[in-house]
Amino acid sequence: MNTVYTIGELESFLVAILVLFIGHTVNRHVAAFKKYNIPEPIVGGLIVAAVITVLHFNKISLAFTLSMQNTLMMMFFSTVGLAASYKQLMRGGSKVFLFLGIASLYIVIQNAVGVSMATALGLEPLMGLIAGSITLSGGHGTGAAWAQTFSDDYGISTLEFAMAAATFGLVMGGIIGGPVAQRLINKNGLVSSYGIGGNHHKDHPDLVTYDQLEEDRVTAKSVLEVLFILLLCVAGAKWFGSFVSVMDIGWLKMPDFVYALFLGVVITNATELSRGYKINSESVDVLGTVSLSLFLAMALMNLKLWEIFDLALPLLIILTVQTVILAIFAYFVTFRLMGSNYDAAVMAGGHCGFGMGATPTAVMNMGALVSRTGPSPQAFMVVPIVGAFFIDIVNAIILQGYLAFIG
């Protein structure tokens, strides 16, 4: 029986910031991490998670109080919406559907690999779906939901494995994205159309870079104005989510952060069309980067690495193969079909993130890249919209097809 120590809200917030500082310090001194753009939250988060795991096996459990985690995630997706003006949407809107097609194709492949390997290793074929898009493209929430379905309809207990597989995917998605994209950039001599270094905001006032190192010219007033808009998106998303649940409008049910993203799109385009108020893009940039970094740090602090140790060897083999296949697919297929340019390389790194983990992991991969190799606003528009909204719908449809086939 472990002794549980509850860490207070303020102390937990301090640890989240410490996670980022640890990641930054390690990346600065480990050349390989810096070279291949391993995201700082992944590095710092894994170190803290490893310490917590050691404590766990010594009968000590730490329970962090992280009530701001979901709000920070929704704030970040609100900034994605605020950055998607109609000008940007018209410029790269078709790429959203192209990327959705590529991601959908990969989900079919991901499940085919999972089911075929599970069968070859003597496991129940349904376990291949758990080691496929249910947990890897779907994440922890989707894994928990389908575990309940498998338990009720098929009498198979998969919850523990689903949580472990999702954790494995979250970690590996954050690790492989940077090296895959960096290799593409180096091999093909790719550069951002906005250039590397310098002050991007000076030359492109409406650009949102999500670059931690970017020099942002903000004022207390502009930060407060944008913070108000972000919290308006968050509150509006929660209200709309509750409304959809109460009214039981099935086709509108989706995660709250998706509502926040689209509220951001509505607000930014309404202000542009009315020309009555201009949202300060640099304040959006600052608050978006901060909220994403803190959200990821909090998510990684809560990683239960010991769950991965419970994976049976055959299932660990399947997940390892899934990681390799995604890296190959992103490198050769995603990159080429998305245009074989700099934006395509950044999106390939993002695909590694949500193909194995979650949309925030994808954005984290891309953020680590653009901090060193230059902005890619198209990637930051395309990948979050597909990963946050469309991919869950496509995943559910494809999974139903596989269940009908297997059954």
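Being a predicted model, the structure only gives us computed values, none of them experimental. Keep in mind that the numbers below use all heavy atoms, side chains included, and drop hydrogens, waters and symmetry copies.
- S222 is not listed as a side-chain neighbour of E282, based on a closest heavy-atom distance of 4.5 Å or more.
- Partners of K59 under the side chain to side chain contact (heavy atoms under 4.5 Å, CB included) rule, at least two apart in sequence or in another chain, are N2.
- Counting non-hydrogen atoms of neighbouring residues, nucleotides and ligands closer than 6.0 angstrom, the CZ atom of R336 reaches no more than 12 such neighbours.
- Residues meeting the salt bridge (Lys or Arg N to Asp or Glu O under 4.0 Å) test with E11, sequence neighbours left out: none.
- Listed by chain and number, the residues in a side chain to side chain contact (heavy atoms under 4.5 Å, CB included) with E9 are T65, S67, M68 (sequence neighbours excluded).
- Qualifying side chain to side chain contact (heavy atoms under 4.5 Å, CB included) partners for V26, counting only residues two or more places apart in sequence or in other chains: I22, V30, F33, V43, I47.
- Between the side chain of S293 and the backbone N or O of V290, no donor-acceptor pair lies under 3.5 Å.
- Among residues two or more places apart in sequence or in another chain, the side chain to side chain donor-acceptor pair (under 3.5 Å) test is passed with Q322 by none.
- K95 contributes a side-chain N or O that, together with a main-chain N or O of M338, makes up a donor-acceptor pair within less than 3.5 Å.
- Applying the salt bridge (Lys or Arg N to Asp or Glu O under 4.0 Å) test to pairs two or more places apart or on separate chains, those with a residue in residues 234-249 are D248-K253.
- Applying the ring-ring contact (aromatic ring centres under 6.0 Å, His included) test to F240 and every residue at least two apart in sequence or in another chain returns Y259.
- Note on residues 164-185: no pairs pass ring-ring contact (aromatic ring centres under 6.0 Å, His included), not counting sequence neighbours.
- By the ring-ring contact (aromatic ring centres under 6.0 Å, His included) test, F99 pairs with H351, F354, sequence neighbours left out.
- In this structure a side-chain-to-backbone donor-acceptor pair under 3.5 Å is missing from N111 to I398.
- Remark: F332 pairs with no residue by the ring-ring contact (aromatic ring centres under 6.0 Å, His included) rule, at least two apart or across chains.
- Heavy atoms of other residues, nucleotides or ligands lying less than 6.0 angstrom from CZ of F228 number 12 at most.
- Under the side chain to side chain donor-acceptor pair (under 3.5 Å) criterion, N302 pairs with no residue at all, not counting sequence neighbours.
- Residues passing the side chain to side chain contact (heavy atoms under 4.5 Å, CB included) test with F13 are I17, L294, M298, sequence neighbours excluded.
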